[in-house]
Amino acid sequence: TELLSRTLERKRVLQDRLLCAMLPESALQRMLSGVLAHDENPETTIFFSDVVNFTSWSSRRPAREVVNMINALCGRFDDASHEFGIEKVK
């Protein structure tokens with residue numbers, strides 16, 4: 001369990017670093033304290049995406065097919081972001 005604890009702590013630190021790079025300090029502090037952070041910035045949109053039923057779909061496909069689908073999907077997001085001048089953060 002010590003190894004698991006250290007692994008989880010490393011993942012938490014990496015997650016916190018990513019959040020620090022993406023969010024304003026005031027929003028991050030509120031979020032980490034459990035308060036819903038909903039600052040407004042008319043120049044910013046945050047888009048989260050999910051592939052519905054991905055786990056069940058991918059479990060029935062060869063790995064190469066799954067990778068090809070993800071690459072194609074990411075490529076479409078890349079194309080759209082270039083077309084509209086959007087800066088992406090993955």
Side-chain angles (χ1 to χ4, degrees):
T1 61
E2 178 64 28
L3 177 61
L4 178 59
S5 294
R6 284 183 286 165
T7 301
L8 290 173
E9 178 61 19
R10 280 195 306 269
K11 287 183 182 278
R12 187 196 60 74
V13 168
L14 290 173
Q15 176 183 345
D16 288 351
R17 285 182 188 159
L18 178 61
L19 288 171
C20 287
M22 294 175 53
L23 297 173
E25 178 69 23
S26 61
L28 179 61
Q29 291 305 319
R30 286 196 309 271
M31 185 186 81
L32 292 175
S33 68
V35 176
L36 180 61
H38 57 277
D39 291 350
E40 291 186 29
N41 183 334
E43 302 294 321
T44 303
T45 299
I46 298 175
F47 173 76
F48 294 96
S49 62
D50 181 31
V51 177
V52 176
N53 295 322
F54 177 79
T55 301
S56 63
W57 177 85
S58 63
S59 68
R60 298 186 312 269
R61 303 287 191 291
R64 176 56 50 198
E65 184 178 346
V66 174
V67 169
N68 288 340
M69 187 281 292
I70 292 171
N71 284 338
L73 181 61
C74 289
R76 293 180 74 181
F77 279 118
D78 289 342
D79 292 344
S81 66
H82 291 304
E83 180 180 345
F84 295 103
I86 297 169
E87 180 181 345
K88 294 185 322 173
V89 177
K90 294 182 186 180

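Since the model is a prediction, treat every value here as computed from it, not as a measurement.
Counting non-hydrogen atoms of neighbouring residues, nucleotides and ligands closer than 6.0 angstrom, the CZ atom of Arg64 reaches no more than 12 such neighbours. The environment of CG in Asn53 is sparse: at most 12 heavy-atom neighbours from other residues, nucleotides or ligands sit within 6.0 Å.
With hydrogens and angles disregarded, no donor-acceptor distance shorter than 3.5 Å links the side chain of Arg76 to the backbone of Ala72.
Rounding to the nearest 0.5 Å gives a distance of 9.0 Å between OG of Ser56 and CZ of Arg61. Rounding to the nearest 0.5 Å places CG of Leu14 at 11.0 Å from CG of Leu19. Rounding to the nearest 0.5 angstrom, the gap separating the CG atom in Asn71 from the CG atom in Asn68 is 6.5 Å. Atom CD of residue Glu65 and atom CH2 of residue Trp57 lie 5.0 Å apart, to the nearest 0.5 angstrom.
The side-chain heavy atoms of Arg10 and Thr7, taken from C-beta on, include a pair separated by under 4.5 Å.
Ion pairing of Arg12 with Glu9 is present here, as a side-chain N (NZ or NE/NH1/NH2) and a carboxylate O approach within less than 4.0 Å.
Ile86 belongs to a hydrophobic cluster whose other members, connected by ILVMFWY side-chain contacts under 4.5 Å either directly or through intermediates, are Phe84.
Note: the hydrophobic cluster containing Val67 does not contain Met69 (ILVMFWY, side chain heavy atoms under 4.5 Å, direct or indirect links).
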